[in-house]
Amino acid sequence: MTLTELKYIVAVAREKHFGKAAEACFVSQPTLSVAVKKLEDELELKLFERSSGEVTVTPLGEEIVRQAQSVLEQAAEIKEIAKRGKDPLGGPLKLGVIYTIGPYLLPDLVRQNIERTPQMPLMLQENFTVRLLEMLRTGEIEAAILAEPFPDTGLAIAPLYDEPFLAALPSHHPLAAGTEVTTEQLKSEHMLLLGSGHCFRDHVLQVCPEFARFSSSTDGIRKSFEGSSLETIQHMVAAGMGVTLVPRLAVPAAALAGAPAKAARQAEGGLIRYLPIRDDAGGEPPTRRVVLAWRRSFTRYEAIAALRNAIYACELPGVARLS
């Protein structure tokens, strides 16, 4: 058996589809299928049950896939040890970022990284949390910037900052005339949410759990709409389709705390008003904790430290930095 074959079976187990697994591995489906069949013949057992609808992993196949993941991690560790022996800051660092952080952090982070460690370019990958965790396990990326909570996978975690949420409302909305909005007031609004798979969707539902019901008939709760990105959602707010919650870094500079009301109203062409959120129960305003995660077996410690320093050097307006 080869490491390539192990990589293929891990991909098939993850995607539950030979075509999607082949695409993820950047090979043709026949190439992947032949390699998987070759491994099954060598092991003299079936790893996958094939059907027209979906591929399922056999009970023994699940054990073998778990071991294959472990082998791939150990193989990646060998390469990292070799790199560290030469120059831990030499060569690219493969970094994953979730969709609701990337557009707002990466422009400044890339500039800071180039200034500080030009010999360590960042190879960036935006994706959902669950996919980035899988990529960390298999060595496809070396570190990831995520928002808690996420499943405990035995990763090393370093907190970066706590980021508050703000409510985004159409500027003509009655609540937009105030200085803040409460969680109780949000319950009766058209709440615009990101689609399934985005962890920020779950964060919004933690603040306003009523919208998890998705019921247009529930008293005081209106049916929610979904968008593919925070930018799309904010365009929908500007069009007057509803309200949403956004992380602080996604708020235009003119609308940050301390900006005059006139400047705040000019944000997004004067169509959106951003307001802090107050918890009616007297709790802390809603926030999310952003962290840096990496495999404990990753040996380029200096690279992780350099990345953290580059993140801390970013402006990060309105967030609480953590050490």
Does the pair [X]/[Y] count as a salt bridge with the N-to-O cut at 4.0 Å?
X    : Y    : result
E23  : R14  : no
E180 : R278 : yes
E140 : K7   : no
R288 : E163 : yes

Determine yes or no for a side-chain-to-main-chain donor-acceptor pair under 3.5 angstrom, with R300 supplying the side chain and F298 the backbone.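 Answer holds: no.
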Using a 3.5 Å distance criterion without hydrogens, assess whether the side chain of E5 forms a donor-acceptor pair with backbone atoms of T2.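 Present.
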Salt bridge (charged side-chain N to carboxylate O under 4.0 Å, His left out) between K37 and E40: does it pass, once the steps are laid out? CA-CA 5 Å; K37 182 64 167 61; E40 288 182 321; 5.8 Å; no
Nearest heavy atoms of L275 and G178, plus distance in Å: CD2-O, 3.4 Å
Where do E126 and P103 come nearest, in terms of heavy atoms and distance? OE2-CD, 3.4 Å
Give a yes or no on whether Q29 atom CD has more than 12 heavy-atom contacts from other residues, nucleotides or ligands under 6.0 Å away.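 Result for CD/Q29: enclosed.
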Has K20 got more than 12 heavy atoms of other residues, nucleotides or ligands less than 6.0 Å from its NZ? no
T58 and E62 side chains, donor-acceptor separation under 3.5 Å: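 Short answer, no.
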Is there a donor-acceptor contact under 3.5 Å linking the side chains of E134 and Q69?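 Yes, side-chain donor-acceptor contact under 3.5 Å.
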Among all residues two or more places apart in sequence or in another chain, which pass the side-chain contact (heavy atoms from CB on, under 4.5 Å) test with A21?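 Partners of A21 by the side-chain contact (heavy atoms from CB on, under 4.5 Å) criterion, ordered by chain and then number, come out as A11, V12, E15, L32.
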